[in-house]
Amino acid sequence: MVTKINTIREGGKIGQIFTPNYIAKFIVKNLFDFIPSKVSNPQTLRILEPSAGEGVFIKFLLKNGFSDITAYEMDSTLKNSLVKLYPSVKFKFDNFLGSDLNEKFDIIIGNPPYLGQNYNAEIFQNYVRKYPICARYFVGNMDLFYFFIHLGIEKLNPGGLLTYITTNYWITKSQKTGIKLLKPHILDECFLLQYIDLSNLNIFEAARGQHNCIFVLQKKTEQEKIKKINKDIQIIQTVNANNSQKIGELQNKKIFRDLIQKVDSRYLKKYFSALTNNNLQRNHNWNLIYPKEVKEVVTKIENYCKKSRKVLKLQDYFIIRNGLILVNDNIFILKEGKDLKIENNSYYVQINGEFIKLNEFEKERLKKIYKSKSIKSYGYNNDSFIGYLLYFNKSEFNQQSLMKRKKSLEEKYPTLTKYLKQFEKKLRKILINAKENPEDFYYPRRGSFIRRTEEDGKDTLVDLEPFYDDAQKIFFKFISNENIFGYSHDSYYATSDTYFLWPLKNKNTDYLFTLAYLNSKLVYFLYKAKNIVIKRSKTKLEHDLTVPNLKAFESTEKKGIVDLIRTLSFLLINNNENDHAINTIQNIIDTLFFKLFDLDEIILNNLLSKYYNLPLN
Ligand SMILES: C[S@@+](CC[C@H](N)C(=O)[O-])C[C@H]1O[C@@H](n2cnc3c(N)ncnc32)[C@H](O)[C@@H]1O
């Protein structure tokens, strides 16, 4: 079939992308696995398709013996053909979100419209005004189809089933990103019976690159709620056999044929998630792609990460914070050849067209600054700094009054303050607009201090300049799905697209061992198993990544392994120019970690290839 596509919102159509035949056929057939056997006759069930489109779900519902079908569709241009094609269906050419809450169904099925709230705020405002269900469940950052889940749940009879194909991002989202009401509503009222991850298939031609899923919810009965009944979650993962590219439509059709015919195929993995319904958290990422055999390995790893029963996480050792946010990058990052001249170890800054020499104190206020792209395992590309950061430390004269502080700054750093004063008006305006103190226009906006709780329980403000300058530090990119951790014990300043691991307390951190661990294949495995993806501010790393307790490696053999890992880590820190050498040494480190954790490397590799598409090497 040729899928007909109308772009989103064209001509008042909202989220109109039609489902391919082979998908709708599967979703209908799949229902039979969940309809209780005592309901032998599909005709007795009341069915709802909340957003019918051209009626592809209706077609397959009718073919499979369902007959009591109600369908909503807002686009009136589809009316004639729908009514003509499916005369037995009770159509309502109206907004589903305004439908009667008392009208109940046994099965709700379809492909609701997807529309992000961020870019379509007006539509959402309008719905919130008009429809009580939207007023009740509106959350910033949500998607339109969340309303279709909320209202679907309300309209289900106890024991009834809801199955949709949607994007899959909501599954791994947590509280601040639009699922604040959705996940609790689902968990209070329903069981998640099945989750089919279609991440590596292109289903909708008009939305290439979109990641989709199919899920089945079952509404709980009052008894099930009272007894807090638990249920398993069946997972089906489509596996991309050729790893690199998404599979074409022909292959998609074959996958769904195999699914319908329940044929085992190398493109399909079926298992029960190690997480059950009662394990799902109301406001957190649901890491459903978590096979029991993967969990077994994770548990084994965690056994070495325990301190009196508690599993140690990265957050027990470090605070993770972005690098520096400046009031204006162009002003604060001086570029050699443009605003800055360096000759024979003398520095000159351009002010009103003239280059003026910096004094020795001022030279120290210019710091090489890097972006996250310079980060590599065990180090960074020394030459790839983007310029010199003008860094005044706000704590330098902080005993003094505001006026005096300004005066001291100008006396000690005459040229650099003059340089900034050229832009004073602009910088002040930026800060005022952001409701920040305009007197602070000399300083980095964020990233130069952290609040830390010390051993005595007191909160202190820690000045990060000495840490940036010459402490040991580990850092990583703010967008990444791989565990690449850089390191420096020299001056390393970075922009906010870099995350730094700052030591939590003034205690000695074993940097060599920690760095090797973070860059190891073991941690790569944990990234996959725990679905850790670093996305801007949404890092889950602190909470999700377990960190070994060195006390767990007490035997002479294990102590020897730990020492060897430290030595190799030291080697990599000091020689990370040659990629081939790095890989070779990293492989040895990986093997040592497997030994340390009593893990079988082959089993781990097999799991990575089986569930996470990592090619076997
Ligand atoms: C993603 S399409 C899917 C259509 C059909 N279920 C399918 O799978 O091919 C969503 C459909 O919902 C319709 N729609 C959008 N908002 C709606 C609403 N609030 N109530 C009813 N239908 C709506 C759109 O016109 C579109 O036809």
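Numbering of ligands and ligand atoms starts at 1, following listing order. The first residue in the sequence is number 1, and the count goes up from there.
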Between ligand 1 and the protein, find all N/O pairs closer than 3.5 Å and give the distance for each.
residue, atom, partner, partner atom, Å
ligand 1, 6 (N), Glu49, OE2, 3.0
ligand 1, 6 (N), Ser51, O, 2.7
ligand 1, 8 (O), Thr19, OG1, 2.3
ligand 1, 9 (O), Thr19, N, 2.9
ligand 1, 19 (N), Asn95, OD1, 2.7
ligand 1, 20 (N), Phe96, N, 3.0
ligand 1, 22 (N), Met74, N, 3.4
ligand 1, 25 (O), Gln16, NE2, 3.0
ligand 1, 25 (O), Glu73, OE2, 2.6
ligand 1, 27 (O), Gln16, NE2, 2.9
ligand 1, 27 (O), Glu73, OE1, 2.8
ligand 1, 27 (O), Glu73, OE2, 3.4

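Aromatic ring pairs are classed by plane angle as parallel below 30°, tilted from 30° to 60° and perpendicular above 60°; the pair Phe485 and Phe476 is tilted.
In this structure Phe272 satisfies the ring-ring contact (aromatic ring centres under 6.0 Å, His included) test with no other residue, sequence neighbours excluded. Taking the side chain to side chain donor-acceptor pair (under 3.5 Å) definition, one finds that Gln315 meets it with His543, sequence neighbours left out. Val128 meets the side chain to side chain contact (heavy atoms under 4.5 Å, CB included) test with Cys134, Ala135, Phe138; sequence neighbours excluded.
In this structure, a donor-acceptor pair under 3.5 Å is present between the side chains of Ser199 and Asn168.
Looking at Phe91, Phe105, Phe96 one by one, the single match for ring pair (Phe, Tyr, Trp, His ring centres under 6.0 Å) with Tyr72 turns out to be Phe96.
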